[in-house]
Amino acid sequence: MDPMDNELKKELARGPFSQNGFNDSLRKRIEERIDNHAAVRRPRRWSAWSAGVSAVLASALVFLFVTDSRPLPLVQQEAAEKPEMQQPAATAPAPHGPDWEASVRSALLIGLRSDAPAAENPQAPSTYRTVLIAPDRNRLQKTAEGEGILMPYKLDFWKIENEPKANGAQETYTLTAHVASAKPKTSGSAERGKPAQTVVRAEKLMFAGNRYVAVAQTTAGKNGAAPSPAQQDYVWVKELEQLASGQKTAAPLSEPHVTLHSVFAAAAVPVLKELKPAQPVGSGRAKTAAADLSGESWTIARKQGKWTAQLASYDSPANGAAEGPAYRLQEVPLALPQSVVSHDELAVPWRDIVRVQPGAVDAFSSPNRDMVAVVTEQNIIIYPYADQWIPIPLMTLPLQPKESVVMIQWAMGSYVELWKRQVKTYLQPQ
């Protein structure tokens, strides 16, 4: 018993209190006792709360050992080996497909050339189509498609088409260009599907940029039914308006074209000295090609996601003595200037593209880096790009057999809606 309690009991047992039951000494003792009891009880409340918390923790530990009696390190090891057991990182969730589509703000205008299989009809002309892929109602889709190559030029659109002509027993298939809003001038056309006549001139579009085009040209071809002059093959780079002029000459070097030197200026000089190309000649039967110091004959081709310049040299015989000289192409180690290609930067390394899509033959990406297109033999697959390549296809454009890309043009900002209206009007006239 507390000594103070014992003393109080002894004093209470002495009989009635004096001074009406309380004196100052007793009152002081009682008040001190009350204060002491209050001071002792406060820690007891804290002890009860602590005991409750301890009970909860103990229950949790019991629950853990009941539900999984394995030691904790084993559980942690299993969680590391099984990703599905790990807690997700505190990062923003990846957007779904529609969100990726909504992030695309560019429009892609693609020019495609389709070549007929040589075994079926070597004289069949190539055909062309243009496709516009653009965002529409937060979805990336094909918004327009039509025949020919619709090329943006200066402040307008121009149309490049293959024009057939017949003159007696001879036929020509030449490329022509005109303002898309104007009707092309028509002339005597050849009947398609009748390869009995001799094709004396055929042209094929290899590249269409923002100012220049590349053309492969075959003259004095022959069919299997009748003899004809020796076949001559050439490649030329022209300004679009040279193609539109319609001027055609028999002498190769009189053909309207631009030289490698005129495009690359002084940078072309050491390249020409190193590659030593031979000039094209009118007939290779008894003539020796002279050295080409200007780069008269060259072309532009796609190679692993880039447009590249290739210089032609006419120092190799063709398929026999009766044939004209064939050319061989040599890579030009110079990047094409912006006057030829305004945008030609691939946002994804080619090795990464082939790793994801082993069948890739080409690829290109938008200037503002919101989409990447991968070309295979069968399709053009469009992927989103947001600081990195997202290998989730947004749409697929099927390709025809032996169809290849000859033009890649981009629209951004307010030009997207403008192109959607204009391209649809020019490719799908009502």
Side-chain angles (χ1 to χ4, degrees), residues 100-113 128-136 138-146 148-160 180 205-214 240 300-308 335-350 353 360 362-375 379-390 393-397 399 404-427:
W100 288 124
E101 288 187 282
S103 69
V104 175
R105 292 288 181 260
S106 303
L108 170 61
L109 190 66
I110 308 176
L112 300 166
R113 186 193 75 237
Y128 304 89
R129 65 173 174 143
T130 302
V131 179
L132 179 64
I133 296 174
D136 190 32
N138 288 331
R139 286 194 58 202
L140 190 66
Q141 54 189 305
K142 180 175 67 177
T143 59
E145 180 180 358
I149 299 297
L150 189 67
M151 172 180 163
Y153 179 62
K154 296 182 178 179
L155 299 178
D156 214 331
F157 281 96
W158 283 55
K159 193 81 169 286
I160 302 174
L205 186 68
M206 310 299 291
F207 161 80
N210 50 340
R211 176 180 172 184
Y212 298 97
V213 295
L240 181 62
I300 300 171
R302 293 291 295 176
K303 185 176 181 180
Q304 293 186 352
K306 291 190 73 66
W307 291 111
T308 59
L336 289 164
Q338 285 200 341
S339 61
V340 179
V341 181
S342 57
H343 173 73
D344 193 29
E345 181 181 352
L346 185 58
V348 183
W350 179 253
I353 291 176
D362 194 7
F364 38 92
S365 54
S366 59
N368 58 0
R369 295 180 171 234
D370 58 0
M371 76 165 84
V372 174
V374 177
V375 184
N379 303 294
I380 297 178
I381 310 167
I382 310 295
Y383 298 92
Y385 189 97
D387 296 327
Q388 63 180 354
W389 181 28
I390 312 298
L394 297 180
M395 66 165 291
T396 299
L397 176 68
L399 294 177
S404 56
V405 175
V406 297
M407 183 186 73
I408 303 165
Q409 301 284 359
W410 299 96
M412 295 168 289
S414 60
Y415 285 96
V416 173
E417 293 302 320
L418 180 63
W419 279 26
K420 286 166 64 176
R421 294 192 301 269
Q422 291 183 332
V423 170
K424 187 174 183 179
T425 300
Y426 297 143
L427 291 181

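From a predicted model like this one, the values you see are computed outputs, not experimental measurements.
- In this structure, D362 contributes its side chain and V375 its backbone to no donor-acceptor pair below 3.5 Å.
- Looking only at distances, a side-chain donor or acceptor of K420 sits under 3.5 Å from a matching main-chain atom of P135.
- Between M206 and R113, some side-chain heavy-atom pair lies under the 4.5 Å cut-off.
- For Y128 (side chain) and V406 (main-chain N/O), no donor-acceptor pair under 3.5 Å exists by modelled atom type.
- Counting heavy atoms from C-beta on, the side chains of L427 and K159 come closer than 4.5 Å.
- Expressed to the nearest 0.5 Å, how far OG of S365 lies from CH2 of W389 amounts to 11.0 Å.
- Contact record, V213 with A208: CG1-CA, 4.1 Å, taken as the closest heavy-atom pair.
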(Q) Before you tell me yes or no, could you show the steps for W419 and F157 under ring pair (Phe, Tyr, Trp, His ring centres under 6.0 Å), namely the whole-Å CA-CA distance, both residues' side-chain angles and the distance that decides it to 0.1 Å? (A) CA-CA 10 Å; W419 279 26; F157 281 96; 5.6 Å; yes
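- Side-chain atoms of T396 never come within 3.5 Å of backbone atoms of I381 as a donor-acceptor pair (strictly under, hydrogens ignored).
- Interatomic distance, W410 CH2 to D370 CG, rounded to the nearest 0.5 Å: 7.5 Å.
- Here CG of L140 is found 13.5 Å from OH of Y383. Values are rounded to the nearest 0.5 Å.
- Contact annotation: the side chain of I408 approaches that of L108 to within less than 4.5 Å [non-hydrogen atoms, C-beta and beyond].
- In this structure the side chain of V341 never reaches within 4.5 angstrom of the side chain of I300, judged on heavy atoms.
- Scanning both residues, S106 and M371, for their nearest heavy atoms gives O-CE, 3.5 Å.
- Judged by distance alone, with hydrogens and angles left aside, the side-chain atoms of R302 form a donor-acceptor pair with the main-chain N or O of A363 at under 3.5 Å.
- Minimum heavy-atom separation, M395 to K142: CE-N, 4.1 Å.
- Taking 4.5 Å as the limit, every side-chain heavy atom of T130 sits out of range of all side-chain heavy atoms of I110.
- Not counting sequence neighbours, the partners of F207 by the ring-ring contact (aromatic ring centres under 6.0 Å, His included) test are W307.
- When all heavy atoms of R211 and S339 are compared, the closest pair comes out as CB-O, 3.7 Å.
- Q338 pairs by the side chain to side chain contact (heavy atoms under 4.5 Å, CB included) definition with nothing, not counting sequence neighbours.
- Between Y385 and V348, the closest side-chain pair of non-hydrogen atoms falls below 4.5 Å.
- Note: Y153 OH to N210 CG = 9.5 Å, rounded to the nearest 0.5 Å.
- Side-chain N or O atoms of Q141 include one that pairs as donor or acceptor with a backbone N or O of D136 at under 3.5 Å.
- The minimum heavy-atom distance linking A144 with V423 is given by the pair CB-CG1, 3.9 Å.
- Without hydrogens or angle criteria, K306 side chain to D344 main chain gives a donor-acceptor distance under 3.5 Å.
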Q: Run the numbers on I380 and I133 for side-chain contact (heavy atoms from CB on, under 4.5 Å), then give the verdict.
A: CA-CA 11 Å; I380 297 178; I133 296 174; 5.7 Å; no
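- Of all heavy-atom pairs spanning L109 and P152, the tightest one is CD2-CD, 4.0 Å.
- To the nearest 0.5 Å, atoms CD (E417) and OG1 (T143) are separated by 9.0 Å.
- Looking at L397 and I382, their side chains never come closer than 4.5 Å, going by heavy atoms from C-beta outward.
- Contact annotation: the side chain of M407 never approaches that of I160 to less than 4.5 Å [non-hydrogen atoms, C-beta and beyond].
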